[in-house]
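Below: the structure, in structure tokens.
Throughout, numbering of the chain's residues begins at 1 and tracks the sequence.
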Amino acid sequence: MRTLTLRNRFQGNSTIVENDFIDYYMTKANGEYVKVYLLLLRHLNTPDSSLTISKLADCLECTEKDIIRAFNYWSKMGLLVIDYDDTGIICGLSIGKTSELSDAVPAIRKEEIAKPTAAPKAEPPLRSVADENQEQLRQLYFVAEQYMGKPLSSKEIQKINYFFDTLHFSTDLIEYLIEYCVENGHKSMHYIESVALAWSDENIKSVTEAKASSAAYNKNCFAVLNAFGIKGRSPAAVELSYIKKWAEEYGLTLDIIIEACNRTIANTHQPDFKYTDSILKNWIAKGVHHLSDITKIDLVYQQEKEMKRRAAATRAAAPAPNRFNNFEGRSYDISSLEQQLLNTP
């Protein structure tokens, strides 16, 4: 294979990226995190501009939490120092290996990005995979405690280790897992583990895949609760199990599920997941795969109902047997009787 010849045609107004970043950090990082880091480097050349987290999110078409998640990642990797104000809000960043950063980092306004000291060019010291994993897990424990608002118990730490060692989730995916559950009002590690196992069953390996799965899952939950007229709360555990069963075990589309919910309300006038489940089981037994199949079933049902109604009407119109017409009636010829009477002496 031929050697590539590279020519530099860049003029001024360029951004310098350290070779260390390209050689040791970029290849292992999530692509979205790399975008955030490069954008920060880009704005180092314009220190007078006011760059906020929201502007970064708008520029990269992602959420502010995605930006903060990238900050935390590069902080774990030792390329970023995050400054917080007294209220715990990010107020500044310094880029460069943390071991070389000066203590005299200038103060900046809230949520603005500070110009860092130059990153050193020395190669990072070699570390074993086990050491790196332990460091990542320690950072993950800290992040988990921030989300859950309390120190982790030994059992909770064991669960996080289980996600990492046995389910083979990345630290980024575990962090998003905890964030997702806490934001939905669930800080129980038992609940977090149930979500992790569901993701493992779906072979989810990245934050992007988890977000896509969560979006579909949340869409189903919201649609079902809305059809039942349930507002202002998340589904209970039992309700979640029904929704998951309908979508995953039964393999039904959302429009069919919602139709069953609507019929439940029409018949019972209250949310009843068990009643809805019986409707869906009946439809599955009759081969329902599309909403149009339900229309056909309804038509057959109406036809059978009409046939039964007509049969019942026919039976009602027939004379009922009684003690006066239980015997066969006799027929008489009146003319013959008169002739017999006249001829009688």
To check you understand the geometry: which heavy-atom pair defines the closest contact between [X] and [Y], and what is its length?
X: Y250; Y: K281; answer: OH-CE, 3.1 Å
X: A57; Y: E64; answer: CB-N, 3.9 Å
X: D293; Y: G287; answer: OD2-O, 3.9 Å
X: V34; Y: A29; answer: CG2-CB, 3.9 Å
X: I279; Y: A260; answer: CD1-O, 3.8 Å
X: C59; Y: L39; answer: SG-CD2, 3.9 Å

Whether [Y] and [X] form a salt bridge (side-chain N of Lys/Arg under 4.0 Å from carboxylate O of Asp/Glu) is what I want to check.
X: K308; Y: E304; answer: no
X: R263; Y: D298; answer: yes
X: K245; Y: D277; answer: yes
X: R69; Y: D66; answer: yes

task = Kindly check if the number of other-residue, nucleotide or ligand heavy atoms within 6.0 Å of CD (E61) is above 12?
result =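 No, not enclosed.
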
request  = Give a yes or no on this: more than 12 heavy atoms of other residues, nucleotides or ligands lie within 6.0 Å of atom NZ of K150.
outcome  =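 For K150, atom NZ is crowded (more than 12 foreign heavy atoms under 6.0 Å).
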
Distance check, rounded to the nearest 0.5 Å: [X] atom [atom1] versus [Y] atom [atom2]?
X: C181; Y: M189; atom1: SG; atom2: CE; value: 9.0 Å
X: F21; Y: M26; atom1: CZ; atom2: CE; value: 6.5 Å
X: L140; Y: Q134; atom1: CG; atom2: CD; value: 11.5 Å
X: Y33; Y: Y73; atom1: OH; atom2: OH; value: 8.5 Å
X: L240; Y: C221; atom1: CG; atom2: SG; value: 5.0 Å
X: K296; Y: I294; atom1: NZ; atom2: CD1; value: 12.0 Å

Strictly by modelled atom types, are [X] and [Y] linked by a side-chain donor-acceptor pair under 3.5 Å?
X: D255; Y: T253; value: yes
X: N226; Y: K231; value: yes
X: N161; Y: Y141; value: yes

May I ask you to test the [X]-[Y] pair for a side-chain heavy-atom distance under 4.5 Å?
X: V81; Y: S75; value: no
X: L56; Y: L40; value: yes
X: I160; Y: E156; value: no
X: K211; Y: Y176; value: yes
X: L93; Y: D83; value: no
X: I192; Y: L177; value: yes
X: I265; Y: Q270; value: no
X: Q302; Y: E306; value: no

task = Could you walk me through whether E193 and Y162 pass side chain to side chain contact (heavy atoms under 4.5 Å, CB included), step by step?
result = CA-CA 9 Å; E193 182 183 18; Y162 170 74; 4.2 Å; yes

request  = Please step through side chain to side chain contact (heavy atoms under 4.5 Å, CB included) for the pair F142 and N72, ending with a clear verdict.
outcome  = CA-CA 11 Å; F142 172 77; N72 290 331; over 6 Å; no

Parallel, tilted or perpendicular, as decided by the 30° and 60° cut-offs, for the rings of W74 and Y37 =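 The rings of Y37 and W74 sit tilted, inter-plane angle from 30° to 60°.
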
Can you hop from [X] to [Y] via hydrophobic side chains spaced under 4.5 Å?
X: V238; Y: V224; result: yes
X: I230; Y: F222; result: no
X: L173; Y: Y191; result: yes

key: Residue of the set E175, E135, Q136, Q139 for which side-chain hydrogen bond (donor to acceptor under 3.5 Å, both in side chains) holds with K76   =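 Running side-chain hydrogen bond (donor to acceptor under 3.5 Å, both in side chains) over E175, E135, Q136, Q139 with K76 returns exactly one hit, E175.
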
task = Show your working on side chain to side chain contact (heavy atoms under 4.5 Å, CB included) between I178 and V143 and close with a plain yes or no.
result = CA-CA 9 Å; I178 297 172; V143 172; over 6 Å; no

For residues 195-208, please give each side-chain donor-acceptor pair under 3.5 Å, one per line with the distance, not counting sequence neighbours.
residue	atom	partner	partner atom	Å
E202	OE1	S213	OG	2.9
S206	OG	E209	N	3.2

key: Intermediate values then yes/no, side chain to side chain contact (heavy atoms under 4.5 Å, CB included), L252 and I284   = CA-CA 9 Å; L252 296 172; I284 291 173; 4.2 Å; yes

inquiry  = Show me the pairs that pass ring pair (Phe, Tyr, Trp, His ring centres under 6.0 Å) and involve residues 253-309, at least two apart or across chains.
reply    =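 Every ring pair (Phe, Tyr, Trp, His ring centres under 6.0 Å) pair that includes a residue of residues 253-309, provided the two are not neighbours, is F228-F273, W246-F273.
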
